[in-house]
Amino acid sequence: MHILLLASAFNSLTQRTHAELRDHGHTVAVELALPGSPLSAAVRRHAPQLVVAPMLRTAIPEEVWSAYTCLVVHPGPVGDRGPSSLDWAIHEGVEEWGVTVLQADGEMDAGDVWASVACRLPQVGKSELYRGEIADAAIEAVLLAVERFAGGTYAPCRQDAAGTAYADESDAYAGESDGVPRPRTRPYLDQSVRRIDWAEDSTQDVLRKLRAADSQPGVLDVLCGGEWYLHGGHPESVLRGRPGGLLATRAGAVCRATRDGAVWIPELRPRRGPGQPPTFKLPAVSALGDRLPPLPEHTLPRLPETRHRTWADIRYREDGNVGFLSFSFPGGAMSTEQCGRLLDAYREACARPTSVLVLGGERDFFSNGIHLNVIEAADDPAAESWANIDAIDDLVEAVLTTTDRLVVAAIAGNAAAGGVMLALAADEVWCRSGAVLNPHYRLMGLYGSEYWTHTLPRRVGPATAERLMREALPVSSASALRLGLADRVLDCGPDAFAREVGGLAARLAALPATASRITVKKTELDRLESATPLAGFRAQELARMRRTFDDPDAPYHALRRSFVHKERPTCTPPHLGPVPVA
């Protein structure tokens with residue numbers, strides 16, 4: 001079928017829907033619902049057989065839903081209504097939730113149900129759930145709904161006045177089930193409800209509030225004499241202090257005392273003042289700047305592994321002949337400082353007596369490359385851009401030149417730009433089935449570096465590499481495997497990925513062929529260096545990047561500012577038009 005995706009933004013779920021529908025043989029186009037954009041005319045221009053709205057903040061106009069079947073993805077179980085569904089579920093500590101695909105009509109979230117899928121809500125942040133458990137359930141529900149629509153005989157289930165629908169037995173969720181409160185219409189979850197009372201709220205209460213707002217909108221609070229939105233929250237089981245007081249720093253985050261414990265807060269965003277431009281998130285220590293009082297830097301040793309509950313963005317552990325270097329940076333972005341710390345950790349890991357090293361996060365983002373927010377906040381963004389790309393190149397070079405063990409890139413969540421190229425530097429790339437890759441740079445006005453001119457064509461061939469860069473479209477894990485971007489896809493949920501990777505890595509280390517593969521690595525690198533040295537790829541890439549960074553009129557600078565300040569585009573980008581079957 002020809003399917004039109006109607007969305008408020010080409011966000012992670014819209015991208016995954018786009019990639020998965022293409023994998024299933026559909027042609028797909030995207031139309032962004034933008035202020036002042038006449039949606040009805042745009043939809044008519046696309047002439048879709050079906051409209052799917054993976055993430056839409058506004059109502060679909062009647063002239064659209066009355067003329068076309070429009071399926072809306074709602075991140076809540078059948079009958080749940082309102083704009084803050086997932087926020088409320090996390091805020092209230094719900095453990096079981098769901099996603100519903102319903103047909104748009106005159107009342108928000110009240111249309112006929114085409115599919116519903118249940119999912120767990122582990123105790124992690126909203127954005128991590130949205131890209132993980134919620135996205136998995138949403139894609140399952142969308143594919144089921146599209147299949148039912150294409151069949152032409154399925155009758156969607158009507159919701160009754162109470163919001164309950166009784167789906168057929170093939171649906172994973174129908175009405176109320178154990179652990180799920182009866183769904184209801186709820187208002188927008190505003191800051192009056194999100195507010196933290198540091199003297200009264202328990203650590204668990206604080207964490208729930210922070211997790212329910214971790215990416216957007218954050219929790220508004222007063223800190224160091226200013227108003228800030230707090231983003232992210234992780235428990236600390238050892239440090240203690242006066243409730244609300246700052247106790248320590250670690251890797252750019254601040255530790256803040258609660259009534260019965262403490263939490264780590266990685267990022268802050270200043271409240272926007274009247275007439276001021278939009279603000280953006282930064283590592284908490286950087287955001288506070290001179291306001292931050294003198295605090296101890298609580299650095300954790302990577303070995304032996306820390307046993308108490310605390311937060312670290314880089315961790316290392318060993319299991320037999322396998323080392324696991326995990327990292328998890330907010331939003332997947334890697335600043336100059338973060339790249340440097342990860343490189344130090346990588347070198348430490350390579351000094352350990354292992355034959356396989358697994359590199360990657362355990363649940364969410366792998367990496368999205370350089371840290372555009374930190375670059376935008378720098379006194380000299382061009383200089384910081386250069387420092388950041390040089391630092392991530394150093395990290396990629398270290399992976400590419402590791403010859404005494406096999407390196408596995410474990411991609412639990414999404415990866416983009418330089419993050420994809422970091423993964424491709426490894427000997428093997430293992431993806432979770434829900435991961436989405438964006439192996440391109442041009443939408444940020446960049447040529448790209450991270451040795452991509454070596455690793456990408458080596459993996460997929462020159463023609464496919466050129467197409468991926470030119471099209472600038474998301475790639476599903478299944479397509480990544482087919483193209484050669486990935487060597488293995490693990491069909492599991494986010495919580496099971498690290499365990500599955502651990503088992504596979506142990507088997508890889510035990511294989512007799514692994515030792516010979518390691519020997520061949522050294523021979524291959526020597527051959528490459530004698531023919532086309534890696535330094536040549538890096539120099540050529542960086543020469544083009546340097547020209548872009550140093551040119552104040554280069555599109556990169558405006559595109560970066562627009563991205564960081566979350567400016568909405570004036571129209572749907574042309575590359576999101578109808579795309580043939582992958």
Side-chain angles (χ1 to χ4, degrees), residues 5 7 11-21 23-24 52-56 71-90 92-103 109 111-149 156-157 159 163-165 167-181 183 211-212 215 363-364 412-414 432-436 474 476-478 489-497:
L5 300 186
N11 73 336
S12 61
L13 183 55
T14 308
Q15 290 181 27
R16 186 170 169 193
T17 306
H18 184 281
E20 298 261 8
L21 286 174
D23 284 352
H24 281 75
V52 176
M55 192 284 289
L56 193 61
L71 303 184
V72 178
V73 177
H74 178 71
V78 174
D80 178 84
R81 300 176 188 178
S84 302
S85 174
L86 187 55
D87 303 56
W88 277 111
I90 300 168
E92 295 175 347
V94 173
E95 296 180 356
E96 301 287 336
W97 201 234
V99 175
T100 306
V101 174
L102 48 87
Q103 188 165 336
D109 305 329
D112 295 351
V113 174
W114 281 84
S116 58
V117 174
C119 64
R120 290 182 56 255
L121 294 187
Q123 294 184 5
V124 297
K126 176 179 67 173
S127 56
E128 188 172 327
L129 287 172
Y130 185 80
R131 289 184 292 268
E133 283 80 359
I134 293 293
D136 286 357
I139 293 302
E140 184 180 344
V142 165
L143 293 177
L144 177 58
V146 169
E147 180 185 346
R148 287 170 168 173
F149 176 82
C157 308
Q159 297 190 55
T164 302
D168 65 36
E169 293 179 358
S170 63
D171 277 345
Y173 180 90
E176 188 172 338
S177 62
D178 292 343
V180 181
R211 287 167 175 162
S215 178
R363 272 189 54 98
D364 199 13
N414 299 345
R432 191 180 81 81
S433 52
V436 174
S476 70
S477 57
V489 171
L490 281 63
D491 189 9
C492 63
D495 269 356
F497 182 73

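Everything numeric in this text was worked out from a predicted model, so none of it was measured.
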Any non-hydrogen side-chain atom of [X] less than 4.5 Å from a side-chain atom of [Y]?
X    : Y    : value
R432 : S477 : no
Y130 : N11  : yes
R120 : E96  : yes
R363 : P122 : yes
L121 : L86  : yes

Minimal non-hydrogen separation, [X] against [Y], with atom names:
X    : Y    : value
S12  : R131 : OG-CG, 3.5 Å
S476 : A19  : N-CB, 3.7 Å
A141 : A115 : O-CB, 3.4 Å
P54  : L13  : O-CD2, 3.5 Å
A138 : V73  : CB-CG1, 4.0 Å
Q103 : P156 : OE1-CG, 4.2 Å

How long is the gap from [atom1] on [X] to [atom2] on [Y], to the nearest 0.5 Å?
X    : Y    : atom1 : atom2 : answer
S85  : I134 : OG    : CD1   : 7.5 Å
E140 : E20  : CD    : CD    : 11.0 Å
E147 : L144 : CD    : CG    : 6.5 Å
L5   : T17  : CG    : OG1   : 6.5 Å

Item to check | Test applied, side chain to side chain contact (heavy atoms under 4.5 Å, CB included); reference residue, L71; option that passes from V142, D112, L102, V101 | outcome: V101

Checklist entry - Is any NZ, NE, NH1 or NH2 atom of the basic residue among D136 and R16 found under 4.0 Å from an Asp or Glu carboxylate oxygen of the other? => result yes

Given 3.5 Å as the limit, does a donor-acceptor pair link the side chain of [X] with the main chain of [Y], or not?
X    : Y    : value
D109 : G82  : yes
N414 : V436 : yes
H74  : D80  : yes
R148 : W114 : yes
T100 : S116 : no

